[in-house]
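Below is one structure, written out as structure tokens; comments come after it.
No hydrogens, no waters, no symmetry mates; every other heavy atom, side chains included, goes into these values.
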Amino acid sequence: MDYKNLANLIFPEAKEINYYEEKYPERNLKEGAIVTRIAPSPTGFIHIGGLYQGLIAKKLAKQTDGVFFIRIEDTDQKRQVENGTAEIINSLNKFGLNPDEGMINETESKGNYGPYKQSMRKEIYQSYAKYLIEQGKAYPCFCSPEEIEEIRQKQEAAKIRPGYYGVWAKCRNLSIEEMAKKIEAGEKYIIRFKSPGREDRKIKHHDLIKGNVDFPENDQDIVIIKADGLPTYHFAHAIDDHLMRTTHVIRGDEWLSSVPLHLQLFHELGFKAPKYAHIAPIMKNDNGNKRKLSKRKDPEAAVAYYVEMGIPKEAVNEYLLNIANSNFENWRRANKDASIDEFELQINKMSVSGALFDMVKLLDVGKTVISKFTAEEVYNQALEWAEIYDKDLAEVLKKDKEYALKVFGIERGNKKPRKDIAKWSDVRENIEYMYDEMFNSKKQEYNYQVISDKESIEKILKLYIEKYFNEDDDKQTWFDKIKELAGEMGYAKEVKEFKANPEKYKAHVGDVSTVLRVALTGRTNTPDMYEIMQILGKDRIRNRFQKADRD
RNA sequence: GGCCCCGUGGUCAAGAGGUUAAGACAUCGCCCUUUCACGGCGGAGACAUGGGUUCGAUUCCCGUCGGGGUCACCA
């Protein structure tokens, strides 16, 4: 009995690894092209950190004319969620992270290096596991979970390093005959990697982000094939990224400490190891302590949250890029209208430690991004959002697109566009006074500020609509008339004059404007009132004035 | 606890053995202005700490403290 017999006993059906090596040849890409991937587990929704990692991976691939693909890591059957794969792909697509290869829905994929779902690659992993067994680099382990637990407790009690290694690795020294006998007797087993490492030796690793890091070698005989026949992450990573010809593994830095193991695996398998870039996680301040954004505790960890809030994908991407490379902001200032695709991400400029997530800053980016949209773009995206999250608003927008475009066009497209919409869920609040159905369905607070007596307000509104308002006036004429109105009422026509002689006047033209604004919109802050009045038209202005509370 | 990583304003962060230690968000003030937002100008605000090395250290080294990650038949 030798290793080859043992391997055959365990995996009688497995193909020779040469079959796969030939089936998935080296990619024919131009010099310097990078192959990256995003490899999520289909646990339902995608984490903002996953999006961040995907964005970086995709950018790196795209800026070198490389390949970015998606692989679904579903080797943990217990954590499966129905339609989890499709949901992740949808989320990714919503943020523009469409891969070149990989799963395109729950079951189908595109690309020549598939299958791109690990549960569909079982026989591949088994072939390589068999290959390792044949070489004496892997072995079946018959220890039960209880035995493993027992070992761990002994180690803990003795205050020594826990794990399945060295003298603790009971099954590693079983003879081939003993192993075969147990298998033939039907004993349950899993497959472990026979680590050649020694804890007292160091390995050097150069990480693209973290720089040079030294670790003790791995000496743990980790499991590579679980009881259900599927591989563990570590083994699948080595096999898949080799066979899919990944050149750069971009992943969260929770994997950094597994690098010694992974390098060892690649080496023993006879593979060339990829380059690694370990990204610092996005953190959150929790009562003074930093911690990773958690799916369970933090709603903002799930990308669905941003979709629901209606933060445009451009804003999320820009914010993330900003965390990734802080020179992005400078680039953006110098290239105001450029697509973010033109920004060249430098992996070595990424921060080695995790940034606190800053919602305020994200929203600021959102304001700037939306301020640059055309009215048409605002309309389309706001409507798309409203169709799902604010049906009434969607109805209103759809009823008269031309009108909506006028509303969204107020103070837009000029040098200093307004920045009052940070996310689509702000839209209603920002435009509801332009729509009678929304305006009237809500109790308005009329706060006239300086000029607050009923008679004066009454008089201003009456004079304005009957004597001064003319739909055909240009903006200057329009405003001159408000000044005249102020004069007629005995208020200062110029603010400067008022400030110079505060004792002479009770109020000034600005206060008159405020009265008009409040009566018209129910609020003290609005964009340019001339444009608002132009859009509303005389009848509606009169109507609003009539309905407005005077006190 | 072992191993690994990190420590510049409230946040994200540039940066170098000698600098007035950038910039952005937030904050405060002023200006612009019919309001608000925008924009412009200005203010306040930082090198965790103790030892070395050095003419000089926030920068290099060591310790301390603090933070984070990881130690599964989860990824």
Hey, is the side chain of A/S351 poking within less than 4.0 Å of OP1 or OP2 on B/rA13, counting only N and O atoms?
-> yes

To the side chain of A/E254, which of B/rU34, B/rC73, B/rG69 is closest?
-> B/rG69

Expressed in whole Å, how much space separates the C1' atoms belonging to B/rA46 and B/rA21?
-> 9 Å

How many Å lie between CE on A/M283 and P on B/rA13, as a whole number?
-> 11 Å

Within this structure, what is the CG-to-C1' distance between A/D207 and B/rG69, rounded to whole angstrom?
-> 13 Å

Just how far, in rounded Å, is P of B/rC74 from NE2 of A/H237?
-> 17 Å

Is any side-chain N or O of A/R418 under 3.5 Å from a base N or O of B/rC36, one able to act as donor and the other as acceptor?
-> yes

For A/N218 and B/rC4, what is the distance between atoms CG and P respectively, to the nearest whole Å?
-> 15 Å

Nearest-neighbour nucleotide for the A/P216 side chain, B/rG23, B/rA26, B/rC3 considered = B/rC3

Tell me, please, which residues at least two apart from A/F328 pass ring pair (Phe, Tyr, Trp, His ring centres under 6.0 Å).
-> A/W331, A/F343

Ring pair (Phe, Tyr, Trp, His ring centres under 6.0 Å) with A/Y128: which residues, sequence neighbours excluded?
-> A/F271

Quick one: which of B/rU70, B/rG67, B/rC25 gets closest to the side chain of A/K290?
-> B/rG67

Could A/E156 and A/K154 be called an ion pair, given the rule that one side-chain N must be under 4.0 Å from one carboxylate O?
-> no

Give the rounded distance in Å between these two atoms: CG of A/L356 and P of B/rA13.
-> 9 Å

Closer to the 5' end of RNA chain B via nearest nucleotide, is it A/K475 or A/K349?
-> A/K349

Which of B/rU33, B/rC74, B/rC73 is nearest the side chain of A/K496? It is B/rU33

5' priority, RNA chain B, between A/I323 and A/F479 [closest heavy atom] = A/I323

In Watson-Crick or G-U wobble terms, both distances under 3.5 Å, what is the partner of B/rC55?
-> B/rG18

Choosing from B/rC12, B/rA13, B/rA75, which nucleotide comes nearest the side chain of A/Y233?
-> B/rA75

Is A/E484 paired with A/K493 through a side-chain N to carboxylate O contact shorter than 4.0 Å?
-> no

Kindly say if A/K188 contacts the phosphate of B/rC73, meaning a side-chain N or O under 4.0 Å from OP1 or OP2.
-> no

Go ahead and name the base partner of B/rA24; Watson-Crick or wobble counts if both distances stay under 3.5 Å, otherwise write none.
-> B/rU11

Please name the residue in the list A/I250, A/I282, A/V316 that meets the side-chain contact (heavy atoms from CB on, under 4.5 Å) test with A/Y52.
-> A/I282

Side-chain N or O of A/K202 less than 4.0 angstrom from OP1 or OP2 on B/rC4?
-> yes

Under 4.0 Å between a side-chain N/O of A/T75 and OP1 or OP2 of B/rA75, yes or no?
-> yes

If only side-chain N and O atoms of A/K367 are considered, is one of them under 4.0 Å from the OP1 or OP2 phosphate oxygen of B/rC38?
-> no

Quick one: A/W331 CH2 to B/rC12 P, roughly how many Å, whole number?
-> 23 Å

Starting from P on B/rC25, measure out to CE on A/M359 and report it in whole angstrom.
-> 18 Å

Distance, rounded to the nearest Å, where A/I203 contributes CD1 and B/rC3 contributes C1' = 12 Å

Enclosure of A/K194 NZ (heavy-atom neighbours >12, cutoff 6.0 Å) | yes

